[in-house]
Novice: 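Mind looking over this structure? Questions follow.
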2 protein chains.
Amino acid sequence: MKNIDKSIVILRNFVSRFLALDAPDFEKLLANFEIDEFKRKELIVENGKVADRMYFLSEGFVRFYHFKPDGSEVTSDFYFAPGFITSFTSFILQKPSIVNIQCLEQMSVLSISHKKLIELYDNYPKIERLGRLLSEQAFIASEKHLLSFLNDSPQDRYLWLCKEYPEYIKNIPLQYLASYLGVTPETLSRIRSRTL
Amino acid sequence: MKNIDKSIVILRNFVSRFLALDAPDFEKLLANFEIDEFKRKELIVENGKVADRMYFLSEGFVRFYHFKPDGSEVTSDFYFAPGFITSFTSFILQKPSIVNIQCLEQMSVLSISHKKLIELYDNYPKIERLGRLLSEQAFIASEKHLLSFLNDSPQDRYLWLCKEYPEYIKNIPLQYLASYLGVTPETLSRIRSRTL
DNA sequence: AAAAACACTTGACGATAATCAAGAAAAACA
DNA sequence: TGTTTTTCTTGATTATCGTCAAGTGTTTTT
């Protein structure tokens, strides 16, 4: 089974979590996707450029990061397959992206252009519904992320990550994790030694 | 001009920012709205109950808050008219809400039930498109909120609020603002005295 | 394999904010 | 209007985290 076929199966499964797309509609959707290969550390979306594609991550995981005015790097999110990713703000507004999205391992990724997606929205109400449902889910995830910041200490959030994604934590450099948790690498190192 | 008429004009204007709804479609939308009066400090959405209505705020402003496991209250957001508000997570999933939404002044508010909105989505693709666009905007706002946390100090965020919404800041009790900024009331008081 | 670059840990110190506590100012109420 | 309650300010103390710096361990490069 080829890479792209595996990805398509995962995409079909993912979509079916949200709504029942009949075969012709799914084919219409699929016909507009391309497959791309990304290497470890390569950027899927780059700061300063318009994110003109929506990506479907069927495997692997990515890191969202950006630079503060003072030049320091901030990891704002990790995303684990499967799911759609891009710089949504850039994609929706078609304005230059603030964030970078970086692959944390080699992976093949499906993607569709903004133009093609808008055409699909115009012609296939079911696909527009999928867009609405995915946007709603993206909002829910974002709100959850925000609440975890407001409610939980860096230590709580670290322990949660360890429990939820143990296989990934091992592969994420501590400095990225620290930034994601909103502390310095030194502080995270101390959290680790405390909670061993 | 009656209160409800003013609200409808504001709603029509607001919707037209996102897409052109022709008169019959707008009438279909409007036919499903009710108008409610809320007093200062009254709750529009209550923790523990399912948010089964979407509200359109044509005037005034509201506070989002919830309680941490330790019992302390956290103000997670303020929202200023015009716009649609509800506990989106609760509304979308039709599960009990974590957050409370509290009116900060007396106001009349339009609202539509979850059931009616879903019916409109099923029957009017343009209204479903409006739903998609509003969800996208809600996501963008949420991401912006998250980034302001990651990038800016409480002092920066306070000064930004003062610049952006000076007329409201005056009316928001300091303790709510402090919690929103993620600091204690004492610290915000000191920020204020520093930056006068 | 040696050298260099990078990632992580640990300690000392200083900055910042939380906590505790008291009092002043403002708002709500009788 | 005077009283009570709530909100805000200010000071002293404590705890936490960031910064700086040194040193260890690990990976990458030549």
Side-chain angles (χ1 to χ4, degrees), chain A residues 39-42 61 63 65 67-76 78 102-106 148-162 166-196, chain B residues 39-43 61 63 65 67-76 78 100 102-106 148-162 166-196:
Chain A
K39 294 194 188 74
R40 194 172 124 83
K41 299 214 171 186
E42 209 174 336
F61 63 117
R63 175 173 81 101
Y65 70 96
F67 296 95
K68 288 214 245 183
D70 69 9
S72 61
E73 185 184 301
V74 182
T75 295
S76 57
F78 298 104
Q102 182 190 47
C103 292
L104 290 180
E105 51 188 40
Q106 192 195 311
S148 82
F149 250 94
L150 294 173
N151 290 334
D152 304 325
S153 67
Q155 178 167 326
D156 291 340
R157 298 173 65 228
Y158 173 71
L159 293 173
W160 180 87
L161 261 185
C162 287
E167 67 285 24
Y168 295 117
I169 295 303
K170 289 198 292 273
N171 301 314
I172 298 177
L174 170 136
Q175 53 178 326
Y176 296 163
L177 269 181
S179 163
Y180 172 74
L181 298 173
V183 296
T184 59
E186 291 94 329
T187 299
L188 179 54
S189 178
R190 289 181 177 114
I191 287 174
R192 275 180 163 169
S193 63
R194 270 211 301 276
T195 57
L196 276 183
Chain B
K39 294 195 189 73
R40 194 172 127 82
K41 301 215 170 183
E42 209 174 336
L43 295 182
F61 62 119
R63 175 172 81 101
Y65 71 96
F67 295 95
K68 289 214 243 180
D70 69 9
S72 62
E73 185 184 301
V74 182
T75 295
S76 57
F78 297 104
N100 298 278
Q102 181 189 48
C103 292
L104 290 179
E105 50 188 41
Q106 192 195 309
S148 82
F149 250 94
L150 294 173
N151 290 334
D152 305 324
S153 66
Q155 178 166 327
D156 291 340
R157 299 172 66 228
Y158 173 71
L159 292 173
W160 180 87
L161 261 185
C162 286
E167 67 284 25
Y168 295 116
I169 295 304
K170 289 198 293 274
N171 301 314
I172 298 176
L174 169 137
Q175 53 176 325
Y176 296 162
L177 268 180
S179 162
Y180 173 74
L181 297 172
V183 296
T184 59
E186 291 95 328
T187 299
L188 180 54
S189 178
R190 289 180 176 113
I191 288 175
R192 274 181 164 170
S193 63
R194 271 211 301 276
T195 58
L196 274 185

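In what follows, chains are A, B, ... by sequence order, proteins preceding strands, each numbered from 1.
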Novice: Let me know the distance between OH of A:Tyr176 and C1' of C:dC6, rounded to the nearest Å.
Specialist: 11 Å
Novice: Separation of B:Ile169 atom CD1 from D:dC8 atom P, in whole Å?
Specialist: 12 Å
Novice: Measuring to OP1 and OP2 of D:dC17, would you say a side-chain N or O of A:Thr187 lies under 4.0 angstrom away?
Specialist: no
Novice: Which one, C:dA12, D:dC8, D:dA12, comes nearest to the side chain of B:Arg190?
Specialist: D:dA12
Novice: Once you round it to whole Å, what is the distance between P of C:dC6 and CD1 of A:Ile172?
Specialist: 21 Å
Novice: Between A:Arg194 (CZ) and C:dG11 (C1'), how many Å, whole number?
Specialist: 15 Å
Novice: At less than 4.0 Å, is any side-chain N or O atom of B:Ser189 found next to OP1 or OP2 of D:dT9? Yes or no.
Specialist: yes
Novice: When the distance from CG of A:Leu174 to C1' of D:dT24 is rounded to whole Å, what number comes out?
Specialist: 15 Å
Novice: Could you walk me through whether A:Tyr180 and A:Phe78 pass ring pair (Phe, Tyr, Trp, His ring centres under 6.0 Å), step by step?
Specialist: CA-CA 8 Å; A:Tyr180 172 74; A:Phe78 298 104; 5.0 Å; yes
Novice: Reckon A:Thr184 has a side-chain N or O less than 4.0 Å from the OP1 or OP2 of D:dC17?
Specialist: no
Novice: Take A:Gln102 and A:Glu42, measure what side chain to side chain contact (heavy atoms under 4.5 Å, CB included) needs, and give me the verdict at the end.
Specialist: CA-CA 6 Å; A:Gln102 182 190 47; A:Glu42 209 174 336; over 6 Å; no
Novice: Does A:Ile191 offer a backbone N or O that forms a donor-acceptor pair with the side chain of A:Thr195 under 3.5 Å?
Specialist: yes
Novice: What is the separation between atom CD on A:Glu186 and atom P on D:dT16, rounded to the nearest whole Å?
Specialist: 18 Å
Novice: Searching all strands shown, indicate the nucleotide that pairs with D:dT1 (Watson-Crick or G-U wobble; both distances under 3.5 Å).
Specialist: C:dA30
Novice: For B:Arg40 and for B:Val183, find the nucleotide of DNA chain C with the closest heavy atom, then tell me which residue's nucleotide is more 5'.
Specialist: B:Val183
Novice: Could you give the NZ-to-P distance, from B:Lys170 to D:dT7, as a whole number of Å?
Specialist: 20 Å
Novice: Answer yes or no: is there a donor N or O on one side and an acceptor on the other, between the side chain of B:Ser179 and the main chain of B:Thr75, under 3.5 Å?
Specialist: yes
Novice: Starting from the 5' end of DNA chain D, give me the residue, B:Ser193 or B:Lys41, whose nearest nucleotide shows up first.
Specialist: B:Lys41
Novice: Using both distances under 3.5 Å as the test, list the Watson-Crick or G-U wobble partner of D:dT14, or none.
Specialist: C:dA17
Novice: Between A:Glu73 and A:Arg63, does at least one N-O distance fall below 4.0 Å, as a salt bridge requires?
Specialist: yes
Novice: What's the CG-C1' distance between A:Leu188 and C:dC8, to the nearest Å?
Specialist: 10 Å
Novice: Checking contacts here: which listed nucleotide (D:dT19, C:dA7, D:dT7) is nearest the side-chain heavy atoms of A:Gln175?
Specialist: C:dA7
